[in-house]
There are 2 protein chains.
Amino acid sequence: MFQAAKPTKVFQEVVAQIEEAILAGRLETGQILPSERELKEMFRISRGTLREALRVLEQKGLIEIRLGVGGGSVVRAVDTGRVTESLGLLIRSQKVSLQHLAEFREGLEGNIAAQAAKRRTAGDICKMRELLEVARSCAAAGRQRREELLETDKQIHLAVAAATQNPIYQSILASIHDNIHRYYERFLSMEDRELRENVEDLCGLIDAIEERDADAAGRLSRRHVHRFNAYMQERARQAEAGTDMHSPSIDQAAGERF
Amino acid sequence: MFQAAKPTKVFQEVVAQIEEAILAGRLETGQILPSERELKEMFRISRGTLREALRVLEQKGLIEIRLGVGGGSVVRAVDTGRVTESLGLLIRSQKVSLQHLAEFREGLEGNIAAQAAKRRTAGDICKMRELLEVARSCAAAGRQRREELLETDKQIHLAVAAATQNPIYQSILASIHDNIHRYYERFLSMEDRELRENVEDLCGLIDAIEERDADAAGRLSRRHVHRFNAYMQERARQAEAGTDMHSPSIDQAAGERF
DNA sequence: ATTGTTATAATGGTCTAACCATTTCTATCC
DNA sequence: GGATAGAAATGGTTAGACCATTATAACAAT
């Protein structure tokens with residue numbers, strides 16, 4: 001019913017003011033705030049306190065702090081970076097496993113594909129086909145262009161998300177992909193056959209989206225992601241059994257506590 | 001191909017070290033770090049720099065800084081708070097509209113319900129029925145217990161998410177609800193009839209989940225959320241037309257620029 | 001014994017005043 | 001005209017002091 005009554009700290013007040021100014025549009029993206037020495041005069045605070053506030057704003061992704069003359073606090077365009085990071089922290093703090101992430105992604109990409117099928121423009125399809133061509137040639141080249149294929153694959157999924165015209169789909173999907181890739185990349189090494197299958201999956205998906213068949217698009221996308229997940233989990237299981245690379249290193253913890 | 005080569009700042013190094021220690025489990029949740037005066041000796045840095053690092057860690061949600069004797073930097077259990085906040089920033093920076101959010105929620109809750117139907121335990125159902133009873137009595141009481149009903153409604157949705165046993169569903173859903181409510185709450189005033197309809201929707205949903213009918217659960221959940229969205233949008237449209245409460249206040253911007 | 005009060009000390013919060021490091025711009029030199 | 005060195009602006013860091021908040025202990029009052 002009640003909230004904890006905690007004293008408002010000075011730096012928080014500063015954070016709140018600048019944040020409000022940015023979100024209200026009084027400070028536009030790219031605009032450079034006054035120098036720290038000027039700001040501290042305006043707020044009538046010390047530089048240290050001001051800098052704590054700026055650090056918080058930087059961590060929130062609202063400003064970017066540049067060095068040197070002509071530098072300063074630059075108002076940033078808010079992007080998905082912070083969502084990605086906080087999701088990453090959740091994962092790394094053992095609250096979320098890769099399996100959880102994969103399951104979530106399956107449903108998410110299904111919804112995205114269905115929505116994309118309803119909203120896609122000719123330009124969206126064009127973009128997807130373009131990327132698909134790149135993916136095809138990569139897949140044909142086999143292992144050598146593996147890195148590029150993975151990147152292109154990701155781009156295709158993001159292009160589908162873009163076709164939904166809903167930025168939240170794009171944000172969340174980008175965050176999920178980022179986090180999945182960061183943790184899977186170690187043992188990502190599909191066989192050539194699987195690589196090509198993967199690309200053919202996508203081809204069918206894009207066809208469905210072009211035909212505005214939301215049901216089919218959703219189904220195909222789910223299946224595509226599901227297959228990928230199953231494959232990666234199998235891989236991960238093998239790697240785990242073979243190298244035991246995730247065993248906790250106990251000794252490390254002994255001497256290094258504060 | 002290459003990354004920008006920027007100098008590593010001292011406070012970042014400190015952030016990295018403490019973050020690593022927390023995520024690796026060398027610092028456990030609830031544990032109190034040494035005092036600032038001790039830490040600054042350990043890292044051989046000034047207190048100001050250390051405090052900048054601590055502020056960043058606090059903003060990341062990794063520590064909580066308590067005042068007074070016995071206070072200090074307490075290692076926190078990472079939760080969804082940061083995801084919620086960064087999603088909120090995306091929304092407020094005009095990148096995401098409430099409509100986008102509502103659309104996303106529709107698909108999300110559909111997936112959640114379907115998954116919950118597959119995994120639900122007896123305990124999950126019990127919990128849901130309990131909450132449903134509260135909601136029913138609130139709905140019967142009408143406008144007086146409106147606040148409580150909304151809270152209970154939210155709790156039910158979260159209970160369904162909990163039944164998926166996938167924390168990422170819970171995190172994202174909590175973030176979405178938080179953000180939707182924060183921006184809708186101004187004109188949330190459903191009619192008694194709608195309140196009751198809402199509760200009956202949920203009743204059917206829970207039945208489907210109990211019977212492990214994933215398809216039906218997903219469909220019902222989608223429809224439930226869709227109806228709510230349509231209703232709220234209609235409400236918002238009315239409010240907009242009537243009061244024009246969202247018109248940009250131009251004069252405000254004039255004198256207050258830095 | 002319980003309750004209220006006060007003193008104490010530990011800790012984070014803030015301030016001041018320097019100096020260091022990086023970057024851009026400019027004047028100078030060849 | 002181009003390279004080079006200097007100047008200036010700006011963020012990054014340091015040091016030392018003092019203020020504000022809070023837990024604890026000691027003490028007093030009921």
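By convention in this document, chain letters (A, B, ...) are assigned in the order of the sequence lines, proteins followed by strands, and residues within each chain are numbered from 1.
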Let me know the distance between CZ of B/Arg47 and P of D/dC18, rounded to the nearest Å.
14 Å
Between which nucleotides of DNA chain C, read 5' to 3', does contact with chain B run, using atoms under 4.0 Å from its heavy atoms?
C/dA9 to C/dT14
What is the distance, rounded to the nearest whole Å, between atom CD1 of A/Ile63 and atom P of D/dG11?
10 Å
Electrostatic pair A/Arg55-A/Glu52, nearest N-O below 4.0 angstrom
no
Which part of the nucleic acid does B/Ile45 contact within heavy-atom distance under 4.0 Å: base, sugar-phosphate only, or nothing?
sugar-phosphate
Whichever of A/Ile65 and A/Pro7 has its nearest DNA chain D nucleotide further upstream toward 5'
A/Ile65
Are A/Glu36 and A/Arg47 ion-paired here, with the side-chain N under 4.0 Å from a carboxylate O?
yes
Whole-Å gap separating P (D/dT13) and CD (A/Glu52):
13 Å
Taking atom P of D/dA20 as reference, at what distance in whole Å does atom CZ of A/Phe11 sit?
17 Å
Spell out protein contact along nucleotides 4-10 of chain D as letters: B when the base is contacted, S when just the sugar-phosphate is, - when no protein heavy atom is under 4.0 Å; keep the 5' to 3' order.
-----BB
Atom CG of A/Leu50 and atom C1' of D/dG12 are separated, to the nearest Å, by 13 Å
Assess whether a salt bridge exists between A/Asp79 and A/Arg76, defined as any Lys/Arg side-chain N lying under 4.0 Å from an Asp/Glu carboxylate O.
yes
Side chains of A/Ser175 and A/Asp178: is there a donor and an acceptor less than 3.5 Å apart?
no
Side-chain donor-acceptor pair under 3.5 Å between A/His177 and A/Gln155, yes or no?
no
Please name the pair of heavy atoms, one in B/Leu173 and one in B/Ala161, separated by the smallest distance, quoted to 0.1 Å.
CD2-CB, 3.8 Å
Using a strict threshold of under 4.0 Å (side-chain N to carboxylate O), is an ion pair present between B/Arg66 and B/Glu64?
yes
Do the charged groups of B/Arg82 and A/Glu85 touch, with an N to O distance under 4.0 Å?
no
Spacing between A/Lys6 atom NZ and D/dT22 atom P, to the nearest angstrom:
12 Å
